[in-house]
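Structure first, then comments.
Side chains are part of it too, since the values below use all heavy atoms of this structure and drop only hydrogens, waters and symmetry mates. Lettering follows sequence order; numbering is per chain, from 1.
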Number of protein chains: 2
Amino acid sequence: MRSTSRTETFPAHTPAASQVFTTLLSHGPLTRLAAARRAGLSPAAVTKAVRPLIEAGYLVEDADDEPRAALGRPANPVRVDGSRALFVGVKVTGDEIIGVLTDLCCRIRLARRVPLTDRATRAVLASVADLVHDLRAGADDIGVPVLGLGVAVSGDVDRAEGVVRYSPFLEWRDVPLAELAAMTTGLPVTVDNDVRALTIAEQWFGAGVGLSDFAVVTVGAGIGCGLVVHGRVVAGAHGVAGEIGHVAVDPAGPPCHCGNRGCVEAIAGDAAIVARMREVTGRKVADSAAAVALAHQGLPGAREVYARAGEAIGRGIATVANLFGPERVIISGEGLAAYDLFAEQIRDAFAAAAFGSAARCDVQTRPLPFEEWARGAAAAAIQSFITSTPADGSGKG
Amino acid sequence: MRSTSRTETFPAHTPAASQVFTTLLSHGPLTRLAAARRAGLSPAAVTKAVRPLIEAGYLVEDADDEPRAALGRPANPVRVDGSRALFVGVKVTGDEIIGVLTDLCCRIRLARRVPLTDRATRAVLASVADLVHDLRAGADDIGVPVLGLGVAVSGDVDRAEGVVRYSPFLEWRDVPLAELAAMTTGLPVTVDNDVRALTIAEQWFGAGVGLSDFAVVTVGAGIGCGLVVHGRVVAGAHGVAGEIGHVAVDPAGPPCHCGNRGCVEAIAGDAAIVARMREVTGRKVADSAAAVALAHQGLPGAREVYARAGEAIGRGIATVANLFGPERVIISGEGLAAYDLFAEQIRDAFAAAAFGSAARCDVQTRPLPFEEWARGAAAAAIQSFITSTPADGSGKG
DNA sequence: TTTCTTTCATTGACAGCGGAAAATAATGGC
DNA sequence: GCCATTATTTTCCGCTGTCAATGAAAGAAA
């Protein structure tokens with residue numbers, strides 16, 4: 001079922017070419033001169049790197065829009081042609097699959113969600129294949145190829161091998177997801193941890209652009225953290241890193257499913273908040289939306305639940321800042337729906353617990369839609385594509 | 001006072017040469033072939049890289065010791081000639097200056113300590129200059145040049161600029177220490193944070209050899225942490241990282257001078273242990289040695305003080321492991337004198353608080369002598385030396 | 001209109017790095 | 001002495017990115 005002819009590979013084989021391309025991806029249209037300065041190369045190198053990429057259609061010279069103010073030969077900005085290629089990103093959660101179709105600039109063209117009823121590998125693969133098929137069909141961009149599929153899964157994922165080592169939510173162990181999904185979809189597949197994928201998207205297209213050290217903290221069902229150090233996403237020696245959710249901020253706190261007490265997640269995770277809200281208010285609380293509603297109603301004690309969650313998150317972030325000294329921390333995730341309820345506590349707890357210069361770290365919030373997770377998966381796929389070597393991508397064999 | 005003629009520079013101008021040299025530094029004598037494999041280069045590249053380094057005397061071919069067992073042309077191992085150059089490393093604490101003279105392999109040749117009575121910049125500089133002079137005079141290696149001085153200071157240090165931004169123990173702010181010390185000693189000076197310097201030494205010569213992700217945790221007056229991620233020491237966006245000492249492990253714990261409660265340092269730092277020991281036993285406790293003695297005597301409650309400290313350290317290490325996923329954590333520092341008193345608690349608390357794969361992290365202890373800190377400073381100086389470019393080291397000008 | 005100035009982009013020569021493969025070296029076994 | 005075997009060196013060679021010079025496209029000045 002190899003409908004997509006042979007696999008297309010990216011014609012950037014030198015470090016300079018890759019660097020120029022990623023610079024243009026992140027920093028929008030740029031003249032060759034400006035790109036050279038940003039990438040630390042000579043203008044000549046940029047000219048040479050850009051040519052084959054323009055010929056292959058990945059870059060285009062911008063039509064000269066604005067009347068230039070400056071003297072001299074008008075600049076000729078170059079940008080990535082988003083419409084040159086499409087990618088599919090899929091995020092698999094325990095009860096839902098979210099998929100997006102993005103262009104090469106990782107702009108979302110289409111988004112779809114389907115519920116997940118069966119977590120067996122086979123069933124998930126079938127759902128993913130359907131979703132991918134839908135998204136590809138839904139794109140009316142005739143002639144624009146879909147060049148890759150990214151799949152984001154929470155848990156312990158070995159991206160290089162394309163294997164999900166362990167995913168608690170899906171109850172998977174050692175599933176060679178990349179290989180399986182490649183067979184069912186016919187696309188090159190990249191599998192990565194969900195938070196890491198989101199971090200890649202932030203690094204290239206979001207609030208992490210241009211930073212070599214930053215962290216992404218996600219607040220929702222779990223509390224996750226993606227780290228970028230020395231300009232690279234941290235994967236950890238054993239494939240796991242950023243487990244901020246199980247940083248203990250209060251040894252006297254509630255027990256966590258990990259066996260400890262007072263983990264950030266056991267205080268500020270969705271389930272913890274809902275449970276605590278039930279306890280405090282004595283009412284039925286169906287889900288976190290209900291919990292937010294109760295707090296907004298001003299029910300006695302309800303706001304305190306969020307205050308406590310905010311404090312836990314703020315302490316967790318301070319811990320990250322103390323250890324890494326990131327330039328910025330980006331807070332995101334579905335849990336941000338309640339942001340107004342704990343923003344103050346996050347900031348206060350962070351300021352109190354951040355030591356010395358760590359407090360100079362810029363803490364931002366980005367209320368990213370849930371599709372952003374899937375977009376992260378697409379970003380991982382884009383990354384795989386543009387770093388693919390002709391050797392490893394060869395369809396012949 | 002430029003007695004040391006013109007500054008010597010290191011003749012490794014290509015990435016391959018640097019890589020070969022550091023490989024040989026860390027991995028002892030190696031045949032060219034073995035070095036090539038380890039450094040990921042071709043044998044030809046190693047031959048080419050090695051030649052100028054042998055000519056300049058930094059590398060030597062080992063005399064063939066052991067009778068080779070194998071067939072074929074005998075291997076010709078190459079190693080760094082430690083006696084080619086000397087370096088001085090100095091660690092400045094609040095009340096003492098520790099200095100060592102090391103060779104190019106960072107082996108300690110001489111060590112000296114002098115008390116520090118006056119923390120004013122001028123006085124410290126004078127003491128450092130005296131100490132350096134002593135060490136240079138004490139070396140009977142006539143003709144072996146001293147090629148650099150490393151100074152390690154706790155606190156916020158900008159190594160690139162050679163400036164101590166803020167050192168609480170010395171009460172310094174924005175002291176251009178590298179420049180000042182270079183003037184008084186006539187040597188090229190590298191200034192770095194003390195824990196980072198120690199981490200460099202471990203990375204090249206200690207338990208971090210060959211690892212791309214590990215952490216060094218020091219236990220003593222303060223609790224510090226040096227991190228290596230992606231093979232590089234983490235400095236943090238604002239020059240501060242690894243502040244494990246102020247990770248809060250117990251919000252109900254004792255107040256810390258940083259303004260929080262239950263910081264690792266407020267429970268397991270020397271001062272905290274001594275204070276708590278006084279409180280618990282009701283006796284006079286002069287210093288941490290006395291506290292250790294009391295615990296060894298089995299005084300009621302004394303061991304619990306250490307147990308609590310061990311638990312705090314173990315939790316702190318687990319936090320580091322959860323966030324980074326290092327391959328190994330190396331515990332060191334003067335506080336290890338009491339290691340038998342809290343080893344068990346460290347391991348237990350780590351195992352309990354490390355989440356998932358983070359628990360696979362190897363936790364080692366290295367009872368490093370106090371001179372090891374100064375040796376770290378020397379390692380930083382060696383690093384500066386071998387990465388020095390002819391452009392920046394030019395004496396002409 | 002022509003020429004100059006300014007700035008961006010391109011070109012071609014070039015130095016140098018590191019790799020591949022062949023040649024050379026050094027040893028033990030026969 | 002010759003061969004097999006392994007280590008090292010040599011000899012190209014491709015390739016990358018820089019340098020310095022040149023070209024191109026405007027507005028400004030004459």
Side-chain angles (χ1 to χ4, degrees), chain A residues 9-24 27-55 59-79 387 389-391, chain B residues 10-24 27-55 59-79 386-387 389-391:
Chain A
T9 58
F10 190 66
H13 306 311
T14 81
S18 303
Q19 206 169 355
V20 168
F21 189 79
T22 54
T23 302
L24 289 170
H27 298 276
L30 239 47
T31 71
R32 290 165 173 81
L33 203 60
R37 269 196 290 269
R38 228 185 240 286
L41 293 165
S42 67
V46 174
T47 293
K48 284 182 217 175
V50 153
R51 190 176 2 248
L53 291 168
I54 287 185
E55 273 166 16
L59 297 179
V60 287
E61 300 202 304
D62 241 3
D64 221 343
D65 302 344
E66 53 198 289
R68 79 213 58 72
L71 212 59
R73 172 174 173 171
N76 210 349
V78 177
R79 65 178 170 82
T387 57
T389 58
Chain B
F10 191 67
H13 305 310
T14 79
S18 302
Q19 206 168 356
V20 168
F21 189 80
T22 54
T23 301
L24 289 171
H27 298 276
L30 239 48
T31 72
R32 290 167 173 80
L33 205 60
R37 270 195 291 267
R38 229 184 241 288
L41 294 166
S42 69
V46 174
T47 293
K48 282 184 244 185
V50 153
R51 196 186 346 257
L53 291 169
I54 287 184
E55 272 166 18
L59 297 178
V60 288
E61 300 202 302
D62 241 1
D64 221 342
D65 302 343
E66 52 198 288
R68 78 212 62 71
L71 212 62
R73 173 174 173 171
N76 210 349
V78 177
R79 65 179 170 81
I386 70 180
T387 56
T389 58

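Spacing between atom CG of A:L41 and atom C1' of C:dT10 amounts to 16 Å, rounded to whole angstrom units. Look at CD on A:E61: it is 8 Å from P on C:dA9, rounded to the nearest Å. One interatomic measurement links the two molecules: NE2 of B:H13 to P of C:dC17, which rounds to 9 Å at whole-angstrom precision. Here the P atom of nucleotide D:dT6 and the CZ atom of B:R37 are 12 Å apart, to the nearest Å. Straight-line distance from the CZ atom of B:R51 to the C1' atom of C:dG18: 14 Å, rounded to whole Å.
The side chain of B:A45 lies closest to C:dG19 when the candidates are D:dT18, C:dG19, D:dT8. Ranking D:dA7, D:dT18, C:dA9 by closeness to the B:A75 side chain, first place goes to D:dA7. When the nucleotides C:dT10, C:dT11, D:dT8 are ranked by their closest atom to the side chain of A:K48, C:dT11 comes out on top.
In terms of phosphate contacts, A:R32 brings no side-chain nitrogen or oxygen within less than 4.0 Å of OP1 or OP2 of C:dT11. For the pair B:T14 and C:dG16, the criterion of a side-chain N or O lying under 4.0 Å from OP1 or OP2 is not met.
Test A:R32, A:R79, A:R51 against A:E61 for salt bridge (Lys or Arg N to Asp or Glu O under 4.0 Å) and you get one pass: A:R32.
Of the residues near DNA chain D, B:T31 and A:S42, the one whose nearest nucleotide (by heavy atom distance) lies more toward the 5' end is B:T31.
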Just the table, please: protein N/O against nucleotides 4-7 of chain C N/O, every pair under 3.5 Å.
{"unit_1": "C:dT7", "atom_1": "O2", "unit_2": "A:R73", "atom_2": "N", "d": "2.9"}

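One finds the CZ atom of B:R37 at 9.0 Å from the CG atom of B:L30 (value rounded to the nearest 0.5 Å). Distance OG1/B:T47 to CG/B:L33: 9.5 Å, rounded to 0.5 Å.
Among the protein residues, B:T47 comes within range of the nucleic acid bases, having at least one heavy atom under 4.0 Å from a base atom. Within the 4.0 angstrom heavy-atom criterion, base atoms lie near B:A44.
Between B:A35 and B:T23 the shortest heavy-atom distance is O-CG2, 4.5 Å. Taking every heavy atom of both residues into account, A:A17 and A:L53 meet most closely at O-CD1, 4.3 Å. Of all the heavy atoms in A:V78 and A:L24, the pair that sits closest is O-CD2, 3.5 Å. Taking both residues in full, the closest heavy atoms of B:F21 and B:I386 are given as CE2-CG2, 3.8 Å, listed atom of the first, atom of the second, then distance.
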